[in-house]
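Computed from a predicted structure; not experimentally measured. Just so you know, ligand 1 is whichever comes first in the structure, and atom 1 is the first atom listed for that ligand.
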Amino acid sequence: MNKDELWQALLAQIQFNISKANFATWFKNTGVFSKKDGEIIISVPNNFSKEWLENKYNKLIFKILHNLDDEIKGIKYAVASPGSKISKSSTVSVDIYNEVPQLEFQEFKINKETSLNPRYTFDNFVVGPFNELPQAAAWAVSQNPGAVYNPMFIYGGVGLGKTHLLQAVGNEVLKKTPQKKVKYVSSEKFTSGIINSIRNRDVEKFKSTYKDIDVLIIDDIQFLSGKEKTQEEFFHIFNTLYEKNKQIILSSDRPPKAISALEERLRSRFEGGMIADISLPDFETRVAILKTKSQEKKINFSDEILEYIASNIQTNIRELEGALNRLIAYQKLNNQVPTINIAETLLKNIIFSPKKIANPEKIIQAVATFYNLKEREMITVSRKKEIVKPRQIAMFFLRRELKSSFPFIGRKFGGKDHTTAIHAYNKILKEVEINENLAEEISLIKEQIYRL
Ligand code: ADP
Ligand code: MG
């Protein structure tokens, strides 16, 4: 096995050992940098991943690698910054959501200059009541960049089509006017670009790469939260482009007002344009999406099967695709479409995975992540002001989603009295009625809880 095959084999096994979310978080963009004299150097995208892999997964990784190749005696981790030799030569990127790897998507090549993936187009983007507005806005922007809605800000939960829509705009602009300069960048990549340029003392050069762009697309902008220097530079880039009537398109998992630690001037810039949200797809649209995707792959599944998937997977279009891909793989291997009974068996662990059940830990984790806090902070006695509200929200969820007793909730949060828990629950319950922002935050957090 060469080093890349070795890593793919490892990833395949790791998937069965840890949760999907953890896998996505810690193993994305990892690879083997080198393998020499029994020592493997694993490349990771940042220090954060390095620490986690070293501290939490080292044993598991070693065990699996050693089983695959008993010559391996030691492992090390190295950060491979984007563009460095390490990441170019051997980072294995993992499409974690496709249970069946390399399913046809390989034929699409991501454009090096624009970072756009041609597979994301308006043609294959299914429109329903849940995404009608953002789709229409995106289409309008693609027909007339810089002139209609600027910036355009699209938000919604994971796997609901934000990236697809953003990239579709970029692809459409280029189709219409190939001479235009379009650039798509994830906010992580944008941040690391800034950090690197600060380190190399060439921030101005970094910024100048953005100055002639006609359409700038930045995905998952919530990750800029708390990164002051990045926000500062982004603000300048934003202004330069904005003043020249260049189009800026942003996405996030939440509305601008709910991104904590976002500079006020950025927030108000975002709010100055068009804000549209993608909510959850209804049953009919879920079936329509499955139909479109199976037609793309030229396989006809019965309505019964498609409706079975659509009625069981409700909150994530990427998971709908994952389920379909499993059935497609079965069809390819056996040269026949699965019956409904076979489909049920094949999809059992997607549909009935324990992920769909909430528990106190998931609630605390989801609330902490949403408000950019450490889980530990939520459950200790700290009276810090910024903790008070998230803690009350977590208590509220424990009651509402799990029917936990108030004394239990009190104990869970650093041994507080049950009256504190009752107070928290009632307070949030009342406030949700009158405070639209809070209601929205609660619904976004709830989505996250059931995703973990
Ligand atoms: P997000 O960026 O919101 O997490 P993505 O854009 O990556 O979600 O979408 C996840 C998957 O679902 C992608 O493969 C995308 O093509 C598909 N998808 C999402 N929305 C639609 C839609 N309306 N029509 C067709 N496919 C969709
Ligand atoms: Mg995305």
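Considering only heavy atoms from C-beta on, V367 comes within 4.5 Å of M378 through its side chain. At least one side-chain heavy atom of T163 sits less than 4.5 Å from a side-chain heavy atom of Y184.
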Could you give the side-chain donor-acceptor pairs of residues 202-209 under 3.5 Å, partners two or more places apart or in another chain?
from : atom 1 : to   : atom 2 : distance (Å)
K207 : NZ     : E233 : OE1    : 2.8
S208 : OG     : K205 : O      : 2.7
T209 : OG1    : F206 : O      : 2.5

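Rounded to the nearest 0.5 angstrom, L224 CG and E188 CD are separated by 9.5 Å. Between atom OG of residue S225 and atom CZ of residue F370 there is a gap of 10.5 Å, rounded to the nearest 0.5 Å.
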Please evaluate residues I313 and L347 with respect to the criterion side chain to side chain contact (heavy atoms under 4.5 Å, CB included), reporting the C-alpha separation (whole Å), side-chain torsions for both, the decisive distance (0.1 Å), and the verdict. CA-CA 10 Å; I313 299 179; L347 302 179; over 6 Å; no

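Using a 30° and 60° split on the angle between ring planes, Y210 and F190 fall in the perpendicular class, above 60°.
Within the cation-pi definition used here (under 6.0 Å to the ring centroid, within 45° of the axis), R269 does not qualify as a partner of F238.
Identified under the salt bridge (Lys or Arg N to Asp or Glu O under 4.0 Å) test for residues 149-166, with sequence neighbours left out: none.
For ligand 1, residues of the protein lying within 4.0 angstrom by heavy-atom distance are R119, Y120, N124, F125, V126, N131, G157, V158, G159, L160, G161, K162, T163, H164, K293, I317, R318, E321.
Ordered by chain and number, T163 OG1 make up the set of protein N, O or S atoms under 2.8 Å of the Mg ion (ligand 2).
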